[in-house]
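One structure is given here, and the rest of the page talks about it.
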Protein chains: 2
Amino acid sequence: MARTQGSHSQITGPRIRAVALKLFAEHGYAAVSMRQIARDVGVQAGALYNYTPDKQDLLFSLMKQHMDELLEACASRVTSGDAMTRLHNFVDFHINFHMGRADEIFIAYMELRNLSPENFATIEALRRAYEDHLEAILISGQTELVFDVPDPKVTTRALIAMLTGITTWYRPSGALSPAEVADLYWNMTRKAVAA
Amino acid sequence: MARTQGSHSQITGPRIRAVALKLFAEHGYAAVSMRQIARDVGVQAGALYNYTPDKQDLLFSLMKQHMDELLEACASRVTSGDAMTRLHNFVDFHINFHMGRADEIFIAYMELRNLSPENFATIEALRRAYEDHLEAILISGQTELVFDVPDPKVTTRALIAMLTGITTWYRPSGALSPAEVADLYWNMTRKAVAA
DNA sequence: GTCTATATCGTGATAGAC
DNA sequence: GTCTATCACGATATAGAC
């Protein structure tokens with residue numbers, strides 16, 4: 001009953017990650033079995049363990065990679081300019097980065113509780129680092145007197161929740177283009193923090 | 001090895017629901033076993049099936065009850081007054097209702113994908129009905145020229161995502177009182193939709 | 001590197017005694 | 001209404017052939 005015997009390490013590894021990402025996002029980490037991942041990849045379950053020590057590490061690795069990419073891409077976008085410009089850049093970046101990554105976002109926000117304590121601490125620290133980018137912008141704007149933000153930490157969480165919520169309803173096939181969505185959310189953000 | 005033999009139907013039913021709610025919120029529906037629920041309730045696994053036909057129905061029943069309570073409590077709060085008053089009432093209601101129900105909210109938003117198709121349709125309809133309350137307020141405000149809301153549907157989703165996000169970080173033991181949180185979020189909301 | 005086979009355990013749900 | 005016992009199955013992970 002062999003199916004695809006032979007050596008395919010260079011494509012199997014990424015395929016496992018892609019399949020796991022999709023299945024975790026669709027059904028949830030706990031609801032997805034290693035057998036199911038293997039079936040969709042086209043290998044036997046045992047073969048998965050050549051690429052990941054266990055299921056937990058597969059989840060962690062996906063989340064870690066996402067957060068690393070997020071932070072690296074963010075840093076280059078929001079460090080120069082006045083507060084208003086940086087905020088606009090942040091909103092624009094956040095929306096565009098997240099729009100093409102609905103699965104990653106979903107997992108990053110929903111599967112935190114399925115991480116081991118150590119893995120959770122790692123991911124949580126990265127999430128904090130990302131929020132700190134926005135918080136720093138808000139504080140700058142407060143100093144420049146262009147924003148009125150009584151509690152930068154709370155406002156940061158509020159804005160990120162609002163922006164990230166896009167992924168729960170946005171579909172590329174929908175009525176609004178990414179640019180239109182970005183414009184709508186930018187206007188709400190801008191007004192919400194305005195002095 | 002009997003533990004708590006005897007008849008306790010009047011307290012066991014609610015206890016099962018309370019325990020299941022807590023465990024589902026903490027670990028996720030798929031990650032929680034019927035045995036685990038039974039253990040925390042203090043009965044054997046088989047006894048659970050005197051109260052629920054199956055695990056799926058237990059989840060659905062919890063979500064349905066939450067949505068019913070949400071809609072009933074909401075309707076009485078946001079139907080009279082001008083748009084600004086109704087929006088303030090909605091924000092205030094949403095925050096206060098959700099603050100004491102972190103577990104219910106978490107489940108209502110995170111476990112949708114673990115519902116059977118029929119159950120999902122039911123809950124989704126109730127969620128829409130709730131969003132429609134806010135959308136109606138925004139449209140009223142647009143008519144009254146007190147709001148500037150180019151896309152009421154999108155703004156509705158954005159505001160609800162922002163407001164519901166409170167449950168991911170708010171703790172009663174934290175620095176801010178519920179009233180202070182409500183005030184911060186009301187100001188952001190008010191400004192975000194202002195004409 | 002992938003396969004087959006398997007060890008070990010936990011799962012949802014049911015049957016029948018009390 | 002709760003218990004004990006059990007069914008039928010699927011889970012993660014490993015061992016060893018190829």
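Convention: sequence-line order gives letters A, B, ...; per-chain numbering from 1.
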- Message: Checking ring-ring contact (aromatic ring centres under 6.0 Å, His included) between F90(B) and each of Y130(B), W186(B), F97(B), which is the one that passes?
- Response: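 Per the ring-ring contact (aromatic ring centres under 6.0 Å, His included) rule, the option paired with F90(B) is Y130(B), out of Y130(B), W186(B), F97(B).
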- Message: What residues from residues 18-25 of chain B pass a heavy-atom cutoff of under 4.0 Å to DNA chain C?
- Response: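 Per residue number, the list is empty: none.
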- Query: Among residues 48-58 of chain B, which contact DNA chain C at a heavy-atom distance under 4.0 Å?
  - Reply: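 Result for residues 48-58 of chain B: Y49(B), D54(B), K55(B), sorted by number.
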Over how many whole Å does the gap from [X] atom [atom1] to [N] atom [atom2] extend?
{"X": "R15(B)", "N": "dT2(D)", "atom1": "CZ", "atom2": "P", "answer": "11 Å"}
{"X": "R39(B)", "N": "dT2(D)", "atom1": "CZ", "atom2": "P", "answer": "18 Å"}
{"X": "Q44(A)", "N": "dT14(D)", "atom1": "CD", "atom2": "C1'", "answer": "15 Å"}
{"X": "I16(A)", "N": "dA13(D)", "atom1": "CD1", "atom2": "C1'", "answer": "15 Å"}
{"X": "M34(B)", "N": "dT11(C)", "atom1": "CE", "atom2": "P", "answer": "12 Å"}

Partners of [X] by side-chain contact (heavy atoms from CB on, under 4.5 Å), sequence neighbours excluded?
{"X": "A194(A)", "answer": "none"}
{"X": "S177(B)", "answer": "A179(B), E180(B)"}
{"X": "T12(B)", "answer": "H8(B), I16(B), V41(B), V43(B), Y51(B)"}
{"X": "A158(B)", "answer": "M162(A), Y185(A), M188(A)"}

Which pairs of donor and acceptor atoms, one on a side chain in residues 69-79 of chain B, lie under 3.5 Å apart (sequence neighbours left out)?
from	atom 1	to	atom 2	distance (Å)
E69(B)	OE2	Q65(B)	NE2	3.0
S76(B)	OG	A73(B)	O	3.1
T79(B)	OG1	A75(B)	O	3.4

- Query: Using a cut-off of less than 4.0 Å, is there contact between a side-chain N or O of T12(B) and OP1 or OP2 of dT2(D)?
  - Reply: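 Answer yes for this pair, as a side-chain N or O of T12(B) is under 4.0 Å from OP1 or OP2.
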- Query: Does the side chain of F147(A) reach to within under 4.5 Å of the side chain of M84(A), using non-hydrogen atoms?
  - Reply: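 Counting from C-beta outward, F147(A) and M84(A) do come under 4.5 Å.
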Using a cutoff of under 3.5 Å, can you pull out all pairs of nitrogen or oxygen atoms linking the protein to nucleotides 15-18 of chain C, with atom names and distances?
none

Give each protein N/O atom lying under 3.5 Å from an N/O atom of nucleotides 7-10 of chain C, with the pair distance.
none

- With heavy atoms under 4.0 Å as the rule, sort V32(B) into base, sugar-phosphate or nothing.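 It contacts sugar-phosphate atoms only.
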- Query: Where each residue is assigned the nucleotide of DNA chain D containing its nearest heavy atom, which of A47(A) and A31(A) is assigned the position nearer the 5′ end?
  - Reply: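 The 5'-side residue here is A31(A).
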- Message: Considering only residues two or more places apart or on different chains, which pairs with a residue in residues 47-65 of chain B satisfy salt bridge (charged side-chain N to carboxylate O under 4.0 Å, His left out)?
- Response: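 The answer is K64(B)-D68(B).
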- Task: Could you name each residue pair satisfying salt bridge (charged side-chain N to carboxylate O under 4.0 Å, His left out) that touches residues 125-142 of chain B, not counting sequence neighbours?
- Result: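 Counting only pairs at least two positions apart or across chains, the salt bridge (charged side-chain N to carboxylate O under 4.0 Å, His left out) contacts touching residues 125-142 of chain B are E124(B)-R127(B), R127(B)-E131(B), E135(B)-K153(B).
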- Can you sort out the partners of S140(A) under side chain to side chain donor-acceptor pair (under 3.5 Å), two or more places apart, ordered by chain and number?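 Scan of S140(A) (side chain to side chain donor-acceptor pair (under 3.5 Å), adjacent residues dropped) gives R86(A).
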- Rounded distance [0.5 Å steps], CG in L159(B) versus NE2 in H94(B):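 Rounded to the nearest 0.5 Å, the CG-NE2 separation comes to 10.0 Å.
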- Got a second to check how far Y29(B)'s OH is from L62(B)'s CG, nearest 0.5 Å?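 One finds 10.5 Å between OH of Y29(B) and CG of L62(B).
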- Message: Does either side chain, that of N119(B) or that of T122(B), offer a donor lying less than 3.5 Å from an acceptor on the other one?
- Response: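 Per modelled atom types, N119(B) and T122(B) side chains form no pair under 3.5 Å.
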